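Here's the structure, in C-alpha cells; my notes come after.
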Amino acid sequence: MKILKKILILAGMIAVSTAFFSCSASKSAGPAKFTKGLNLSKWFETWNNSIPNLKVYDKQDFINIKNLGCDVVRVPVHFASFVNDKKEINPIIYEYLDKACDWAEELGMYIVIDNHSFNSGTYPTPAKVEESLLLLWPQIAAHYKNRSNYIVYEILNEPQFGNKEWEPIQKKTLEAIRKVDKKHTVVVTGAEWSGLNAMCSLQPLEDKNLIYTFHFYEPFIFTHQGANWGDP
C-alpha cells in the first residue's frame, strides 16, 4: 500500500515536475521550499488565442488541494497567447491569476506561475522565444514583485531546442526578471523538453534563489494514461 501511495503521489507531481533542485544551502535565504502539489491545467491555457474559461477553479478547489496535504500548485499560463496589440498582457489574465495568488497566500500554499507558452502550432525559433520571454517577464515580475514569497516564477515550460541555444536565453530572461524583482524564487530548467540529460549538462546560474527542475515521463504508457496525444 505504501508503494502504491508513493506511485500515485509521483503521478500527480509529474506535470509539476518530478524533481526540484535547490542551488542554495542557506536556510535563511534562498528558494521556496515545498514538498508536493498539483498542476492546474486547462485554466489559463488556450489553443486558439482566445480567452479560455477562467472560472474553471475557485477558492474551494484550493482548499480541497490543501486538505489533500499539498503545499504547492503550479498554474500553466499561455502568456504569449494573451498579449494585446500594445504587447501588454491582457488585464483579465491578471484579474484571475491574482485571485489564484490570493487563495494560495491565504492558505499558506506556494503557487508556481508557469509560462506555458508555445504549446500549439509550430514551435518558434530560439530568437522568437527570446523576444517573447524578454517582453513577458519584466511585465509579470513588475506585477507580482510586491507579493509574498509564496509566489514563484517559472521562466518557460519545456523549451524544445538544445541547451546551446537555450542557456543564453534563460540567463538573459533571469537577468531581466532580477532588474525588476530580486525577491521571488525562479524556476529554471534545461532544454530538450526539460529533460534530465539537458538539466544535468546545464551550467549553473549565479543566483541563489533558483529551483532547478526536470520533467520525467517514464514509463510513458503509465504517466500518460488517458492522454489523447502520443503513441500508443
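Please read these numbers as outputs of a predicted model, since none were measured by experiment.
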*Can the ring centres of His224 and Tyr217 be said to be less than 6.0 Å apart?*
yes

*asked:* Quick check on the 6.0 Å ring-centre criterion: do Tyr144 and His184 meet it?
replied: no

*asked:* Assess the residue pair Ile113 and Ile151 against the criterion (side-chain contact (heavy atoms from CB on, under 4.5 Å)); give the C-alpha distance rounded to whole Å, side-chain angles, the decisive distance to 0.1 Å, and a yes or no.
replied: CA-CA 7 Å; Ile113 299 175; Ile151 312 300; 3.8 Å; yes

Which atom pair, heavy atoms only, marks the closest approach of [X] to [Y]?
| X | Y | result |
| --- | --- | --- |
| Phe161 | Glu165 | CD1-CB, 3.8 Å |
| Gly190 | Trp166 | C-CD1, 3.9 Å |
| Leu136 | Ala80 | CD1-N, 4.0 Å |
| Ala32 | Val152 | CB-CG2, 4.0 Å |
| Glu105 | Tyr150 | CG-CB, 4.2 Å |
| His78 | Ser117 | C-OG, 3.8 Å |

Keeping the roles fixed (side chain from [X], backbone from [Y]), state whether a donor-acceptor pair exists under 3.5 Å.
| X | Y | answer |
| --- | --- | --- |
| Asn119 | His116 | yes |
| Ser132 | Val129 | no |
| Lys172 | Leu133 | no |

Please tell me whether [X] and [Y] have a donor and an acceptor in their side chains that are separated by less than 3.5 angstrom.
| X | Y | value |
| --- | --- | --- |
| Thr46 | Asn48 | yes |
| Glu158 | Ser194 | no |
| Ser201 | Asn163 | yes |
| Asn39 | Ser41 | no |

*Evaluate side-chain contact (heavy atoms from CB on, under 4.5 Å) for Tyr94 paired with Gln139, printing each intermediate quantity in order.*
CA-CA 11 Å; Tyr94 285 134; Gln139 296 183 52; 3.8 Å; yes

Please say yes or no: joined through hydrophobic side-chain contacts below 4.5 Å, possibly via intermediate residues, are [X] and [Y] part of one cluster?
| X | Y | result |
| --- | --- | --- |
| Leu97 | Val83 | yes |
| Val180 | Leu210 | no |
| Val77 | Val56 | yes |
| Leu38 | Leu54 | yes |
| Val186 | Leu205 | yes |

Report the distance from atom [atom1] of [X] to atom [atom2] of [Y], rounding to the nearest 0.5 Å.
| X | Y | atom1 | atom2 | answer |
| --- | --- | --- | --- | --- |
| Lys128 | Thr122 | NZ | OG1 | 13.5 Å |
| Asn53 | Glu45 | CG | CD | 13.0 Å |
| Gln160 | Phe118 | CD | CZ | 10.0 Å |
| Lys87 | Glu131 | NZ | CD | 7.0 Å |
| Leu107 | Lys59 | CG | NZ | 6.0 Å |
| Arg74 | Asp114 | CZ | CG | 3.5 Å |

Electrostatic pair [X]:[Y] at N-O distance under 4.0 angstrom:
| X | Y | result |
| --- | --- | --- |
| Asp207 | Lys182 | no |
| Asp71 | Lys36 | no |
| Lys171 | Glu175 | yes |

Less than 4.5 Å apart, any side-chain heavy atom of [X] and any of [Y]?
| X | Y | value |
| --- | --- | --- |
| Gln170 | Leu174 | no |
| Ile155 | Ile169 | no |
| Asn209 | Thr185 | yes |
| Met109 | Ile65 | yes |
| Ile211 | Phe34 | yes |
| His143 | Asp98 | yes |
| Val75 | Val112 | no |
| Tyr212 | Thr189 | no |

_Ring-plane angle category for Trp103 and Phe62, please: parallel below 30°, perpendicular beyond 60°, tilted otherwise._
perpendicular

*Between Phe216 and Phe214, what is the ring plane arrangement, given parallel below 30°, perpendicular above 60°, and tilted in between?*
perpendicular

Other residues, nucleotides and ligands only: do more than 12 of their heavy atoms fall within 6.0 Å of [atom1] on [X]?
| X | atom1 | value |
| --- | --- | --- |
| Asn197 | CG | no |
| Glu95 | CD | yes |
| Ile221 | CD1 | no |

*Lys99 to Tyr96, cation-pi by 6.0 Å centre distance and 45° axis angle*: yes

*Only one of Thr173, Asp181, Asn115 forms a side-chain hydrogen bond (donor to acceptor under 3.5 Å, both in side chains) with Tyr153, so which one is it?*
Asp181

